[in-house]
Amino acid sequence: MSLFQAKFDTAIWEIVSSIPYGQVMSYGEVARAAGYPRHARMVSRAMSRSNKALPWHRVVKSDRTLAFPFDSKDYKTQKDHLLSEGAVLLKGKVIPPKKDTAEDLDALIWGPED
DNA sequence: CCCTTGACTATCT
DNA sequence: GAGATAGCCAAGG
């Protein structure tokens with residue numbers, strides 16, 4: 001295992017573990033927060049290398065859609081986890097369950113249909 | 001080495 | 001907003 005992976009993986013795992021219940025971060029945001037800008041594509045690799053239980057389902061693409069193919073099993077698994085945490089998928093985009101701001105209520109009530 | 005592969009992104013049309 | 005395009009960068013063949 002390369003030295004890069006050793007440090008990179010640890011940094012990534014820490015950030016992913018810090019994502020609050022029901023919330024999400026993009027691969028690029030995680031990479032940046034871990035101190036590795038431009039390494040968005042490495043984030044998924046670091047997560048799949050983890051043997052511990054990581055809330056990987058809280059990591060999505062920069063446009064807030066899921067990274068897996070729509071018909072894949074992984075897509076369904078991730079979606080189920082997010083839904084169970086109170087999030088909602090609108091037009092494929094994850095909407096976190098914050099019900100205390102007018103902005104989010106507007107998104108739920110007036111946002112585009114399915 | 002050179003080439004290909006991604007659970008990616010920003011920036012054009 | 002949906003494609004296309006060009007960067008991105010470690011791994012593995």
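Please read all numbers here as calculations on a predicted model, not as lab measurements. Here is how names work: the chains are called A, B, and so on, in the same order as the sequence lines, proteins then strands, and each is numbered from 1.
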Practice problem: Quote, to the nearest angstrom, the P distance that separates C:dG7 from B:dA7. | Solution: 22 Å
Exercise. Could you pull out all residues at least two apart from A:R64 that satisfy salt bridge (charged side-chain N to carboxylate O under 4.0 Å, His left out)?
Key: A:E29
Quiz item: Start at the 5' end of DNA chain C and walk down; is the nucleotide closest to A:K93 or to A:Q5 reached first?
Solution: A:K93
Self-check item: Qualifying ring pair (Phe, Tyr, Trp, His ring centres under 6.0 Å) pairs, either residue in residues 42-68 of chain A, two or more places apart
Solution: A:H57-A:H81
Quiz item: Rounded to the nearest 0.5 Å, how far does CD of A:Q5 lie from OG1 of A:T10?
Solution: 10.5 Å
Quiz item: Would A:D63 and A:T65 count as having a side-chain donor-acceptor pair, cut-off 3.5 Å?
Solution: yes
Quiz item: Rounding to a whole Å, what distance do you find between A:L82:CG and B:dA7:C1'?
Solution: 13 Å
Quiz item: Which residue pairs satisfy the salt bridge (Lys or Arg N to Asp or Glu O under 4.0 Å) criterion with at least one member in residues 13-25 of chain A, sequence neighbours excluded?
Solution: none
Quiz item: Listed by chain and number, what are the salt bridge (charged side-chain N to carboxylate O under 4.0 Å, His left out) partners of A:R32, not counting sequence neighbours?
Solution: none
Exercise. Mind listing the residues from residues 34-62 of chain A sitting with a heavy atom below 4.0 Å of DNA chain B? Number order is fine.
Key: A:A40, A:R41, A:M42, A:S44, A:M47, A:W56, A:K61, A:S62
Quiz item: In whole angstroms, how far is the P atom of C:dC8 from the CZ atom of A:F4?
Solution: 16 Å
Quiz item: Between A:M1 (CE) and C:dA10 (C1'), how many Å, whole number?
Solution: 13 Å
Quiz item: Going from CE on A:M25 to CD1 on A:I15, what distance comes out if it is rounded to the nearest 0.5 angstrom?
Solution: 6.5 Å
Quiz item: Between A:D63 (CG) and B:dA10 (P), how many Å, whole number?
Solution: 10 Å
Quiz item: Residues from residues 7-33 of chain A sitting under 4.0 Å of DNA chain B, heavy atoms only?
Solution: A:S26, A:Y27, A:G28
Quiz item: Rounded to the nearest 0.5 Å, how far does CE of A:M1 lie from CZ of A:R49?
Solution: 6.5 Å
